[in-house]
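For ligands, and for the atoms within them, numbers begin at 1 and follow the listed sequence. Computed over heavy atoms, backbone and side chain alike; hydrogens, waters and symmetry mates excluded.
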Amino acid sequence: PVSKKAKMRDGGTDELDVCQQLLGELETHQDAWPFLKPVNPKSVPGYKKVVKKPMDLSTIREKIANKQYSCLESFTDDVNLVFDNCERFNEDDSEIGKAGHIMRRFFNKRRAELLK
Ligand SMILES: Cn1cc(C(=O)NCCN2CCCC2)ccc1=O
């Protein structure tokens with residue numbers, strides 16, 4: 001049977017390259033400001049109780065560095081968690097709620113483009 005290692009394609013962009021490319025584009029997006037660092041539960045009343053699994057772009061950056069993502073799918077799950085948490089806690093027409101929708105649309109569009 002083909003070993004897992006054998007799946008690596010020399011020189012081709014593998015899944016990890018796609019994750020790093022996508023994360024870089026998310027971090028530098030003008031509407032990324034609510035998502036760059038973990039939400040500070042002291043300065044956001046109710047957040048700790050409401051949001052069971054906090055996630056943010058700096059934590060995702062750290063998980064990539066620590067090789068904690070096995071595939072693009074596990075990376076995508078954490079990115080979606082950022083935006084799902086945002087929808088749960090913020091009104092759609094709030095500044096942060098609007099930023100979350102913009103960022104999620106941007107992510108899905110760029111991911112599809114990079115996988116084509
Ligand atoms: C994702 N999210 C973020 C916040 C938030 O206030 N983030 C801090 C944003 N500030 C920008 C410059 C310093 C910090 C609140 C609710 C929420 O769902």
Side-chain angles (χ1 to χ4, degrees):
V2 174
S3 80
K4 216 170 19 177
K5 201 80 190 85
K7 265 198 240 151
M8 288 299 292
R9 286 179 294 116
D10 300 339
T13 52
D14 65 4
E15 291 192 8
L16 187 60
D17 295 339
V18 173
C19 293
Q20 294 186 316
Q21 175 66 28
L22 283 168
L23 183 58
E25 293 186 25
L26 291 173
E27 289 169 331
T28 53
H29 193 290
Q30 67 171 8
D31 297 316
W33 57 272
F35 314 108
L36 293 174
K37 295 289 178 196
V39 175
N40 180 348
K42 290 192 205 68
S43 55
V44 184
Y47 197 82
K48 191 163 170 26
K49 180 79 177 159
V50 170
V51 175
K52 300 305 178 194
K53 288 175 67 183
M55 187 49 64
D56 70 285
L57 299 179
S58 72
T59 302
I60 293 174
R61 173 61 69 189
E62 220 172 286
K63 287 180 74 171
I64 285 188
N66 302 339
K67 301 207 177 304
Q68 287 179 259
Y69 296 119
S70 58
C71 60
L72 177 58
E73 223 44 54
S74 54
F75 166 80
T76 299
D77 289 347
D78 268 357
V79 173
N80 285 330
L81 180 56
V82 173
F83 303 135
D84 293 343
N85 289 342
C86 183
E87 278 205 53
R88 181 132 169 58
F89 195 77
N90 302 276
E91 297 296 333
D92 288 337
D93 59 357
S94 66
E95 282 311 301
I96 291 177
K98 285 184 295 187
H101 289 298
I102 291 167
M103 292 297 289
R104 185 201 293 277
R105 277 195 296 268
F106 174 75
F107 174 70
N108 289 332
K109 177 171 169 287
R110 288 296 296 140
R111 184 172 180 269
E113 286 165 356
L114 286 173
L115 286 185
K116 220 165 41 186

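- Among protein heavy atoms, the minimum distance from atom 10 (N) of ligand 1 is reached at W33 CE3, 4.6 Å.
- Within the 3.5 Å criterion, the main-chain N or O of F83 finds no donor-acceptor partner in the side chain of N80.
- Annotation: atom 7 (N) of ligand 1 to nearest protein heavy atom, P34 O, 4.1 Å.
- Considering backbone and side-chain atoms alike, N90 places an N or O below 3.5 Å from some N or O of ligand 1.
- Side-chain contact check for I102 versus H29: some heavy-atom pair is nearer than 4.5 Å.
- Looking only at side-chain heavy atoms (C-beta outward), F75 and E15 stay at 4.5 Å or farther from each other.
- The closest side-chain heavy-atom distance from L22 to F107 is below 4.5 Å.
- By the neighbour-count criterion of 12 heavy atoms within 6.0 Å, atom NZ of K67 is sparsely surrounded, having that number or fewer from other residues, nucleotides or ligands.
- The protein atom (non-hydrogen) at minimum distance from atom 5 (C) of ligand 1 is I96 CD1, 3.9 Å.
- For atom 2 (N) of ligand 1, the nearest protein heavy atom lies closer than 4.0 Å.
- The residue V51 has no part lying near ligand 1, judged by heavy-atom distances below 4.0 Å.
- No side-chain heavy atom of F106 sits less than 4.5 Å from a side-chain heavy atom of D31.
- Protein heavy atoms are found inside the 4.0 Å sphere centred on atom 15 (C) of ligand 1.
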